[in-house]
Amino acid sequence: MDRPFEVQRRHDLEWVPAVMRVGLGEQDLEEIERSWRGGRQILRNALRAANVPRDKWPQSLHWNWEHKSSDLQLLETHACGIRIEGRWEAVVMTKVASYTARLAEQQGKPLVYVDYLEVAPWNWRIHELAQQGEYRGLGSVLFREAVQLSKDEQFHGRVGLHALAQAESFYRDVCGMTDLGPDGAKQNLRYFEFLPSQADSYLKDGGES
Amino acid sequence: MADKRTMTLNLTDAEMAALEQLCERKELTKTALIRQALRLYQAIDVRLAAGERLVFEDLRGKKKSEVMVL
(Lines give C-alpha, C1' and ligand atoms only; values in the text may rest on other atoms or scores of the structure.)
Protein backbone atom coordinates (compact mmCIF):
# COMPACT_ATOMS: atom_id res chain seq x y z
CA MET A 1 0.00 0.00 0.00
CA ASP A 2 1.42 3.41 -1.03
CA ARG A 3 0.83 6.70 0.69
CA PRO A 4 2.02 9.91 -1.05
CA PHE A 5 3.73 12.74 0.78
CA GLU A 6 6.57 15.22 0.14
CA VAL A 7 10.21 15.45 1.20
CA GLN A 8 12.67 18.28 0.92
CA ARG A 9 15.73 17.99 -1.28
CA ARG A 10 18.79 19.37 0.47
CA HIS A 11 20.66 21.07 -2.34
CA ASP A 12 17.83 23.32 -3.51
CA LEU A 13 15.29 22.91 -0.68
CA GLU A 14 12.64 21.95 -3.24
CA TRP A 15 9.79 19.72 -2.04
CA VAL A 16 9.52 16.57 -4.15
CA PRO A 17 6.87 13.85 -4.22
CA ALA A 18 7.60 10.70 -2.22
CA VAL A 19 5.73 7.54 -1.40
CA MET A 20 5.52 5.65 1.90
CA ARG A 21 5.12 1.97 1.12
CA VAL A 22 3.92 -0.11 4.07
CA GLY A 23 3.78 -3.88 4.41
CA LEU A 24 7.07 -4.56 2.63
CA GLY A 25 7.88 -8.17 1.78
CA GLU A 26 11.11 -10.11 1.62
CA GLN A 27 11.57 -9.29 -2.05
CA ASP A 28 11.33 -5.57 -1.28
CA LEU A 29 14.13 -5.77 1.29
CA GLU A 30 16.23 -7.79 -1.14
CA GLU A 31 15.63 -5.15 -3.82
CA ILE A 32 16.55 -2.40 -1.36
CA GLU A 33 19.86 -4.03 -0.54
CA ARG A 34 20.64 -4.63 -4.21
CA SER A 35 19.98 -0.97 -4.94
CA TRP A 36 22.04 0.26 -1.98
CA ARG A 37 24.98 -2.15 -2.31
CA GLY A 38 26.77 -0.01 -4.85
CA GLY A 39 26.31 3.10 -2.73
CA ARG A 40 27.77 1.33 0.29
CA GLN A 41 30.83 0.29 -1.69
CA ILE A 42 31.32 3.76 -3.13
CA LEU A 43 31.32 5.15 0.39
CA ARG A 44 33.73 2.50 1.64
CA ASN A 45 36.12 3.39 -1.13
CA ALA A 46 35.77 7.11 -0.46
CA LEU A 47 36.29 6.68 3.27
CA ARG A 48 39.43 4.64 2.70
CA ALA A 49 40.75 7.09 0.13
CA ALA A 50 40.17 9.96 2.56
CA ASN A 51 41.91 8.02 5.38
CA VAL A 52 38.88 8.39 7.61
CA PRO A 53 39.46 6.39 10.82
CA ARG A 54 37.25 3.30 11.03
CA ASP A 55 35.54 4.51 14.19
CA LYS A 56 34.23 7.49 12.19
CA TRP A 57 32.70 5.35 9.43
CA PRO A 58 28.89 5.17 9.27
CA GLN A 59 27.93 2.49 11.74
CA SER A 60 25.30 0.89 9.51
CA LEU A 61 27.67 0.56 6.56
CA HIS A 62 27.91 -3.22 7.08
CA TRP A 63 24.14 -3.76 7.30
CA ASN A 64 22.49 -6.02 4.77
CA TRP A 65 18.72 -5.90 4.32
CA GLU A 66 18.78 -9.19 2.42
CA HIS A 67 19.97 -10.89 5.60
CA LYS A 68 17.11 -9.32 7.57
CA SER A 69 14.39 -10.14 5.06
CA SER A 70 13.44 -13.54 6.50
CA ASP A 71 12.27 -11.80 9.71
CA LEU A 72 9.27 -10.62 7.70
CA GLN A 73 7.95 -14.19 7.83
CA LEU A 74 6.97 -13.45 11.43
CA LEU A 75 3.59 -11.90 12.24
CA GLU A 76 5.21 -9.47 14.64
CA THR A 77 7.60 -7.97 12.08
CA HIS A 78 6.67 -5.03 9.88
CA ALA A 79 8.68 -3.01 7.40
CA CYS A 80 7.95 0.12 5.46
CA GLY A 81 10.04 2.23 3.15
CA ILE A 82 10.19 5.50 1.29
CA ARG A 83 10.44 5.69 -2.48
CA ILE A 84 11.31 8.84 -4.41
CA GLU A 85 11.31 8.85 -8.21
CA GLY A 86 11.21 5.07 -8.27
CA ARG A 87 14.21 4.62 -5.95
CA TRP A 88 14.26 3.28 -2.39
CA GLU A 89 15.50 6.03 -0.10
CA ALA A 90 14.89 4.73 3.43
CA VAL A 91 13.49 1.69 5.27
CA VAL A 92 12.48 0.70 8.80
CA MET A 93 11.80 -2.70 10.35
CA THR A 94 9.77 -2.96 13.54
CA LYS A 95 8.64 -5.72 15.90
CA VAL A 96 5.49 -5.58 17.99
CA ALA A 97 5.59 -8.61 20.30
CA SER A 98 9.13 -9.51 21.36
CA TYR A 99 9.83 -6.44 23.47
CA THR A 100 8.00 -4.68 26.29
CA ALA A 101 8.41 -1.31 27.93
CA ARG A 102 11.18 -0.80 30.50
CA LEU A 103 10.36 2.67 31.78
CA ALA A 104 8.97 2.27 35.30
CA GLU A 105 5.68 3.95 34.49
CA GLN A 106 5.00 1.53 31.61
CA GLN A 107 6.96 -1.55 32.55
CA GLY A 108 5.82 -4.72 30.88
CA LYS A 109 3.39 -3.03 28.52
CA PRO A 110 3.69 -3.76 24.81
CA LEU A 111 5.54 -1.40 22.52
CA VAL A 112 6.76 -1.13 18.95
CA TYR A 113 10.44 -1.98 18.85
CA VAL A 114 12.40 -0.31 16.04
CA ASP A 115 14.72 -3.10 15.05
CA TYR A 116 16.47 -1.38 12.16
CA LEU A 117 16.10 2.02 10.52
CA GLU A 118 18.34 3.17 7.70
CA VAL A 119 18.37 5.73 4.93
CA ALA A 120 20.09 5.02 1.61
CA PRO A 121 23.86 5.56 1.54
CA TRP A 122 23.54 8.68 -0.63
CA ASN A 123 21.31 10.21 2.05
CA TRP A 124 23.88 9.86 4.83
CA ARG A 125 25.43 13.00 6.25
CA ILE A 126 29.14 12.23 6.38
CA HIS A 127 31.09 15.20 7.59
CA GLU A 128 34.45 13.68 6.73
CA LEU A 129 33.44 13.36 3.08
CA ALA A 130 31.48 16.63 2.95
CA GLN A 131 28.41 14.54 2.02
CA GLN A 132 25.19 16.24 3.12
CA GLY A 133 22.70 13.65 1.88
CA GLU A 134 20.14 14.15 -0.88
CA TYR A 135 16.91 14.39 1.12
CA ARG A 136 16.05 15.82 4.53
CA GLY A 137 14.13 14.19 7.33
CA LEU A 138 13.69 10.66 5.99
CA GLY A 139 14.67 9.08 9.30
CA SER A 140 12.15 11.27 11.10
CA VAL A 141 9.39 10.27 8.71
CA LEU A 142 10.08 6.60 9.31
CA PHE A 143 10.32 7.07 13.05
CA ARG A 144 6.95 8.79 12.92
CA GLU A 145 5.58 5.70 11.14
CA ALA A 146 6.77 3.57 14.06
CA VAL A 147 5.02 5.85 16.54
CA GLN A 148 1.83 5.75 14.50
CA LEU A 149 2.05 1.95 14.29
CA SER A 150 2.24 1.91 18.07
CA LYS A 151 -0.95 3.98 18.19
CA ASP A 152 -2.65 1.71 15.64
CA GLU A 153 -1.70 -1.38 17.68
CA GLN A 154 -3.24 0.18 20.81
CA PHE A 155 0.19 0.56 22.39
CA HIS A 156 -0.50 4.30 22.92
CA GLY A 157 2.66 5.43 21.12
CA ARG A 158 5.13 3.37 23.16
CA VAL A 159 8.27 2.83 21.11
CA GLY A 160 11.62 1.33 22.09
CA LEU A 161 14.94 0.92 20.32
CA HIS A 162 18.66 0.44 20.73
CA ALA A 163 20.52 3.23 18.95
CA LEU A 164 23.78 3.12 17.09
CA ALA A 165 26.10 5.61 18.78
CA GLN A 166 25.95 7.94 15.78
CA ALA A 167 22.15 8.07 16.08
CA GLU A 168 21.90 8.64 19.83
CA SER A 169 21.49 12.41 19.61
CA PHE A 170 18.77 12.02 16.97
CA TYR A 171 16.62 9.85 19.21
CA ARG A 172 17.42 11.73 22.41
CA ASP A 173 17.48 15.34 21.26
CA VAL A 174 15.42 15.41 18.07
CA CYS A 175 12.78 12.80 18.87
CA GLY A 176 12.80 13.44 22.63
CA MET A 177 13.05 9.82 23.72
CA THR A 178 14.14 8.83 27.22
CA ASP A 179 17.69 7.45 27.36
CA LEU A 180 17.81 4.40 29.62
CA GLY A 181 21.53 3.93 29.14
CA PRO A 182 23.72 1.19 27.71
CA ASP A 183 22.31 -2.33 27.48
CA GLY A 184 24.87 -5.04 28.10
CA ALA A 185 22.63 -7.53 26.31
CA LYS A 186 22.84 -5.50 23.06
CA GLN A 187 26.54 -4.75 22.62
CA ASN A 188 26.16 -1.86 25.09
CA LEU A 189 24.02 0.11 22.66
CA ARG A 190 22.00 2.72 24.51
CA TYR A 191 18.32 1.88 24.87
CA PHE A 192 15.71 4.58 24.26
CA GLU A 193 12.01 4.56 24.93
CA PHE A 194 8.94 6.72 24.41
CA LEU A 195 6.19 7.15 26.97
CA PRO A 196 2.72 7.71 25.50
CA SER A 197 2.94 11.36 26.52
CA GLN A 198 6.26 11.77 24.73
CA ALA A 199 4.83 10.11 21.62
CA ASP A 200 1.85 12.45 21.67
CA SER A 201 4.16 15.47 21.91
CA TYR A 202 6.27 14.16 19.07
CA LEU A 203 3.32 13.64 16.78
CA LYS A 204 1.78 16.96 17.75
CA ASP A 205 5.01 18.85 17.08
CA GLY A 206 5.26 17.37 13.59
CA GLY A 207 8.12 15.02 14.37
CA GLU A 208 10.59 16.62 11.97
CA SER A 209 14.36 16.85 12.26
CA MET B 1 -4.50 -3.39 5.38
CA ALA B 2 -4.81 -7.18 5.05
CA ASP B 3 -8.34 -8.63 5.06
CA LYS B 4 -9.36 -10.00 8.43
CA ARG B 5 -11.48 -13.03 9.28
CA THR B 6 -13.54 -13.54 12.40
CA MET B 7 -13.48 -16.52 14.72
CA THR B 8 -15.24 -17.46 17.95
CA LEU B 9 -13.08 -18.33 20.93
CA ASN B 10 -14.49 -20.46 23.76
CA LEU B 11 -12.68 -19.98 27.06
CA THR B 12 -13.12 -21.42 30.53
CA ASP B 13 -13.87 -19.05 33.41
CA ALA B 14 -10.23 -19.28 34.52
CA GLU B 15 -8.96 -18.56 31.02
CA MET B 16 -11.29 -15.59 30.61
CA ALA B 17 -10.22 -14.27 34.03
CA ALA B 18 -6.56 -14.58 33.01
CA LEU B 19 -7.29 -12.87 29.71
CA GLU B 20 -9.08 -9.99 31.40
CA GLN B 21 -6.31 -9.60 33.95
CA LEU B 22 -3.69 -9.49 31.21
CA CYS B 23 -5.76 -7.02 29.22
CA GLU B 24 -5.89 -4.70 32.20
CA ARG B 25 -2.15 -4.96 32.87
CA LYS B 26 -1.17 -4.53 29.26
CA GLU B 27 -3.87 -1.95 28.46
CA LEU B 28 -5.04 -3.97 25.48
CA THR B 29 -8.42 -5.11 24.25
CA LYS B 30 -9.06 -8.85 24.28
CA THR B 31 -8.58 -9.02 20.53
CA ALA B 32 -5.30 -7.12 20.66
CA LEU B 33 -4.01 -9.31 23.44
CA ILE B 34 -4.87 -12.55 21.66
CA ARG B 35 -3.13 -11.24 18.55
CA GLN B 36 -0.04 -10.40 20.63
CA ALA B 37 -0.09 -13.88 22.13
CA LEU B 38 -0.20 -15.41 18.66
CA ARG B 39 2.67 -13.26 17.42
CA LEU B 40 4.76 -14.13 20.43
CA TYR B 41 4.02 -17.84 20.19
CA GLN B 42 5.03 -17.86 16.54
CA ALA B 43 8.23 -15.89 17.20
CA ILE B 44 9.22 -18.30 19.95
CA ASP B 45 8.28 -21.35 17.91
CA VAL B 46 10.42 -20.28 14.98
CA ARG B 47 13.47 -19.88 17.17
CA LEU B 48 12.92 -23.18 18.95
CA ALA B 49 12.61 -24.88 15.59
CA ALA B 50 15.94 -23.32 14.64
CA GLY B 51 17.57 -25.00 17.62
CA GLU B 52 17.53 -22.19 20.15
CA ARG B 53 16.32 -22.45 23.76
CA LEU B 54 13.96 -20.14 25.59
CA VAL B 55 15.36 -19.30 29.00
CA PHE B 56 14.09 -17.21 31.88
CA GLU B 57 16.74 -15.51 33.99
CA ASP B 58 16.16 -14.41 37.58
CA LEU B 59 18.30 -11.30 37.77
CA ARG B 60 18.10 -11.21 41.55
CA GLY B 61 19.19 -14.77 42.19
CA LYS B 62 21.06 -15.10 38.89
CA LYS B 63 19.26 -18.37 38.23
CA LYS B 64 18.25 -19.51 34.79
CA SER B 65 15.54 -21.95 33.88
CA GLU B 66 14.49 -23.29 30.53
CA VAL B 67 10.91 -22.72 29.36
CA MET B 68 9.29 -25.68 27.64
CA VAL B 69 7.07 -24.65 24.75
CA LEU B 70 5.11 -27.27 22.86
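In what follows, every chain begins at residue 1, and chains take the letters A, B, ... in the order their sequences are listed. Everything quoted here is computed from the prediction, not taken from an experiment.
- In terms of heavy-atom pairs under 4.5 Å with chain B, the best-connected choice from A:Q154, A:H156, A:E76 is A:Q154.
- Donor-acceptor pairing under 3.5 Å is recorded for the side chains of A:W65 and A:E118.
- Between the side chain of A:D183 and the main chain of A:L189, no donor-acceptor pair closer than 3.5 Å is present.
- The part of B:A32 that comes within reach of chain A is its side chain, from C-beta onward, which places non-hydrogen atoms under 4.5 angstrom from that chain.
- Using a 4.5 Å cut-off between heavy atoms, A:Q73 contacts chain B through its backbone alone, with no side-chain atom that close.
- Using a 3.5 Å distance cut-off with no hydrogens or angles, the side chains of A:Q41 and A:R44 do pair a donor with an acceptor.
- Of the N and O atoms on the side chains of A:E33 and A:W63, not one donor lies less than 3.5 Å from an acceptor on the other residue.
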